[in-house]
**Q** 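Just dropping this structure here.
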Amino acid sequence: MTEIQDKLKILPNSAGCYLMKDETDKIIYVGKAKSLKNRVKSYFVGSHNGKTQKLIGDIRNFDFIVTSSELESLVLELNLIKKYDPKYNIRLKDDKTYPYIEITKEIHPRLSVSRNPNLKRGIYFGPYPNVMAARETVELLNKLYPLRKCETLQKKECLYFHMHQCLGACITKQKIDYKDYVNEISNFLKGQTKKVTEDLTNKMERAAVDLEFETAAEYRNMIQHIKTTTERQKMVMSQLIDSDIIGYFVNNEDIAVYIFFMRQGKIINIHKEVFSYLGNPEEEIISYLGQFYQKNLLPKELWINLKNLDLLSGLFNIKVYNPLKGEKKKLLDLANQNAMVDLETKSEIIRNKNEILSGKLSSLEETLGLKNLDRIEIFDNSNIQGVDPVSAMVVFEKGIKSPKEYRKYKIQTVLGPDDYKTTEEVIYRRYLKVLMENLKRPDLIVIDGGKGHVNVVKQTLERLNVDIPVIGLKKDERHRTFSIIQEGEEIILNSKIPCTKLLTEMQEEVHRFAITFHKKTRKTLAFASVLDDVPGIGEKRKKQILKKFKTIENMQNGTEAEYQEIGINQKLFQKIMFHLK
């Protein structure tokens, strides 16, 4: 504590960021301040809420970075949180992003669904309530407008060209003007559907008169889909304005955020989240919104009841204001009211879950004699008599599955059923990559296996000069998680030890992931080998067929039109079918 007291005396009275560290010198919290001197000192005087008190108990040192303004310190804080992912900072649950419909800014534009909007790449509409709603709308628009359908231009016209749903960008030598189509699609996605509906109604009536009842039914279904997607959006504003209305509610421990996404005067979606906080609630909300809009598209303006609106406006470079009267204030009040209800109903549930999870992690740390097991990487191998061996790694962060961090490994150097050699290869490949690319290291490595597997992992890490604790998990005759292998000793587990359930979940998850990958690998290899003897099918076409049909059964049942979509002509299609039969 002496070093902390010395640093507190020299803190400047200027804006900046501070980085709190634990006894291992790991960054556990990043904050920003208008005055570093006042803010950092406040942690070590007076009383605090539970989460802040726990943070203070873990602090052993801190660093600080001076900035020229509060806005600069906010930008730096967001970048540092993204880089270090500190234990006590707000984390967006599931790294959530929303689906948007994109019209690409290409010579020959196409429609797609995207969760990573980039304004340089396309024009975006949304966010949509779910990806299925966005895909259904794209499918409808692709039937109505002849934009390009294929991701890359083909060498010859496809089925869409013959169905008049594409202008043949792959074969035409003349410049195609898509401007009118793009404008009509944009108007449709903004809610101006009257013209499209009238055109479809006329086509439906003509088809019915010509006794083309199937065609008329298809037009009828299109009209119904348009009505369904537009009527579910409730008009709430007379101004056709794109805004996010951000409500929030705070108690002593938690913050609830509730966002209305309003596009063209209609609320089309909501986002809500409850999280615990440290320090000043308003600053935590600003930090949360900074992280949220790193992943999601900003509207034209934000409405929120905060004191420091200029800070948000400067960060996002858009209008941010607090409406004080009229229908805008009523809508913001409604968002705040929803946040209050959400916090009251969810905070207790979340707190109980966090306490249970924290208890499991604390139990694991106590059982193993280790501290701060924030990131755990678990490995398992899968093969059948040594055939097509694979390995898999799953990751738990703060006791929660982190699927985006999962990794799959096809074994390259092992022949036959040798589980130890398989383990050696995958551990070497994983942690050589960690060293070479300076990736985040785990606080614990778990291997599905006994003493032999643990020794192999430790010896491989020693070769790489990597020091990370390692344990093994053994199962009993009923295939249940039975014991921990640590430093040559066996620790028997039972239901009275809180960490048993967490370890069981880890072992089952890595086993599931490895088995799923192994099955998929075997199917892929079997599928690819079926095509090896077909004349005219090379590696490129084999990959196209694999991507299109996924399974042998789908390939056998595929129509000539479906094969034409990936450039397979009639002659080659007949060869494939003959070979399969």
**Q** Taking the inter-plane angle between the rings of Tyr124 and Tyr100 on a 0 to 90° scale, is it parallel (under 30°), tilted (30 to 60°) or perpendicular (over 60°)?
**A**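 It falls in the perpendicular class, over 60°.
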
**Q** Angle between ring planes, Tyr293 versus Phe316, binned at 30° and 60°: parallel, tilted or perpendicular?
**A**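 The arrangement is perpendicular - the two ring planes meet at more than 60°.
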
**Q** Inspect the contact between Glu505 and Lys360 and indicate whether a charged nitrogen and a carboxylate oxygen are less than 4.0 angstrom apart.
**A**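 Glu505 and Lys360: not salt-bridged.
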
**Q** Check Val30, Ile59, Leu278 against Tyr88 for a side chain to side chain contact (heavy atoms under 4.5 Å, CB included) and give me the one that passes.
**A**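 The option that passes is Leu278.
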
**Q** Between Arg121 and Glu102, does any NZ, NE, NH1 or NH2 come within less than 4.0 Å of an OD or OE carboxylate oxygen?
**A**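 So Glu102 pairs with Arg121 through a salt bridge.
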
**Q** Does Glu282 reach the side chain of Ile286, with side-chain heavy atoms less than 4.5 Å apart?
**A**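 They are in side-chain contact.
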
**Q** So does Lys26 have more than 12 non-hydrogen atoms from other groups sitting under 6.0 Å from NZ?
**A**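 More than 12 heavy atoms, drawn from other residues, nucleotides or ligands, come within 6.0 Å of this atom.
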
**Q** Please report whether the ring centroid of Tyr43 lies less than 6.0 Å from that of Phe62.
**A**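 They do not qualify: ring centres at least 6.0 Å apart.
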
**Q** Can a donor-acceptor pair be found, under 3.5 Å and without considering hydrogens, that links the side chain of Arg480 to the backbone of Lys475?
**A**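 No, the answer is negative, given that no donor and acceptor are paired below the 3.5 Å cut-off.
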
**Q** Strictly under 6.0 Å, is that where the ring centroids of Tyr248 and Tyr288 end up?
**A**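 Judged by ring-centre distance (under 6.0 Å), Tyr248 and Tyr288 do not meet the cut-off.
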
**Q** Could I get the full list of side chain to side chain donor-acceptor pair (under 3.5 Å) partners for Lys458, not counting sequence neighbours?
**A**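 For Lys458 the side chain to side chain donor-acceptor pair (under 3.5 Å) partners, ignoring immediate neighbours, are Glu487.
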
**Q** Is it true that a side-chain atom of Thr345 and a backbone atom of Val341 form a donor plus acceptor pair closer than 3.5 Å?
**A**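 Answer holds: yes.
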
**Q** Counting neighbours of NZ on Lys21 that are heavy atoms of other residues, nucleotides or ligands and sit closer than 6.0 Å, is the number greater than 12?
**A**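 Counting other residues, nucleotides and ligands, NZ of Lys21 exceeds 12 neighbours.
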
**Q** Taking side chain as C-beta onward, heavy atoms only, is Tyr431 less than 4.5 Å from Arg441?
**A**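 When only atoms from C-beta onward are counted, Arg441 and Tyr431 do not touch, as no gap falls below 4.5 Å.
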
**Q** Taking the six-membered ring for Trp, are Phe379 and Tyr409 parallel (under 30°), tilted (30 to 60°) or perpendicular (over 60°)?
**A**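 The rings of Phe379 and Tyr409 sit tilted, inter-plane angle from 30° to 60°.
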
**Q** Pick out which of Leu332, Leu331, Asp333 makes a side chain to side chain contact (heavy atoms under 4.5 Å, CB included) with Lys329.
**A**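 Answer to the side chain to side chain contact (heavy atoms under 4.5 Å, CB included) test with Lys329 among Leu332, Leu331, Asp333: Asp333.
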
**Q** Distance alone, cut at 3.5 Å: any donor-acceptor contact between the side chains of Lys328 and Tyr321?
**A**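 There is such a pair between these side chains.
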
**Q** Hey, does Leu71 have a side-chain heavy atom less than 4.5 Å from the side chain of Leu311?
**A**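 Yes, their side chains come closer than 4.5 Å.
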
**Q** List the residues meeting side chain to side chain donor-acceptor pair (under 3.5 Å) with Asn336, not counting sequence neighbours, and say none if there are none.
**A**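 Residues passing side chain to side chain donor-acceptor pair (under 3.5 Å) with Asn336: none at all.
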
